[in-house]
Amino acid sequence: MEIHDDSQHVNQYGARRQLDDATFRFDTQAHANVIVCFQNVLEPNFPNDGRSQTIQFKMESGAMAEDFHKVQQEEKLKPMEMELRRLAMTLDDVQDELQYLKQRESTLRDANERMNSRVKTFSFVSIGVLVGVAVYQVLYLRRFFQQKKLI
């Protein structure tokens, strides 16, 4: 298993082979997607008889990833102080998520406005082409009927 991000520097947060049960704790170095890769490779002389492997994977971030009981024991905090710290971390996570959602909403709104202006421009061009073709057809048919002396 390998854990890294997709930033410019491709920071690696963990890599292990032959693991049955593992816990990784890390702080990211950049605002990027964290990628977890699992690889199951058979030994060179091991027969491939259709065996399957089941992987259970649980990833937590922010306040959910913190082991509050361990922190409480290490820092000798009272239960109320521990609960306040947990709530503060949860509040920070919510604020970060809200900031991300605002930024994402702004990006999507800008893309939507650009697409709307393109659609409007395309609509006006389409209407112009249709009006131009209609005028051409009327003039062509008028000239045709005048040459045939039907008008």
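Values in this document were obtained by computation on a predicted structure and should not be read as measured data.
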* With salt bridge (charged side-chain N to carboxylate O under 4.0 Å, His left out) as the test, would you mind laying out the steps for Glu75 and Arg85 before giving the verdict? => CA-CA 12 Å; Glu75 298 182 16; Arg85 183 174 287 188; 2.8 Å; yes
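- Follow the hydrophobic side-chain contacts under 4.5 Å out from Leu139 and you reach Val131 in the same cluster.
- Atom CG of residue Asp92 and atom CG of residue Leu87 lie 11.0 Å apart, to the nearest 0.5 angstrom.
- The side-chain heavy atoms of Val36 and Met1, taken from C-beta on, include a pair separated by under 4.5 Å.
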For a quick test of your reading: what N or O donor-acceptor pairs under 3.5 Å do the side chains of residues 102-110 make, sequence neighbours left out?
unit_1	atom_1	unit_2	atom_2	d
Gln103	NE2	Thr107	OG1	3.3
Glu105	OE1	Arg109	NH1	3.0
Glu105	OE2	Arg109	NH1	2.8
Thr107	OG1	Gln103	O	3.0

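- Looking only at side-chain heavy atoms (C-beta outward), Ile3 and Ile35 stay at 4.5 Å or farther from each other.
- Linking Ile, Leu, Val, Met, Phe, Trp and Tyr whenever their side-chain heavy atoms come within less than 4.5 Å leaves Tyr136 and Leu130 in two separate clusters.
- Residues Leu101 and Glu97 form a side-chain contact, since some pair of their non-hydrogen atoms from C-beta on lies under 4.5 Å apart.
- Side chain of Asp5 to main chain of Asn11: a donor-acceptor pair is present (N/O by atom type, distance under 3.5 Å, no hydrogens or angles).
- The environment of Phe38 atom CZ is dense: over 12 non-hydrogen atoms of other residues, nucleotides or ligands sit within 6.0 angstrom.
- When atom types are taken as modelled, the side chain of Glu81 and the backbone of Lys78 share a donor-acceptor pair closer than 3.5 angstrom.
- Legend: residues meeting side chain to side chain donor-acceptor pair (under 3.5 Å) with Glu83, ordered by chain and number and at least two apart, are Arg86.
- Tracing side-chain contacts under 4.5 Å through hydrophobic residues (I, L, V, M, F, W, Y), one never reaches Phe144 starting from Val135; they form parts of separate clusters.
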Mind listing the side-chain donor-acceptor pairs of residues 117-125 below 3.5 Å, one per line with the distance, residues two or more places apart or on another chain?
unit_1	atom_1	unit_2	atom_2	d
Ser117	OG	Arg114	O	2.8
Thr121	OG1	Ser117	O	2.9
Ser123	OG	Val119	O	2.9

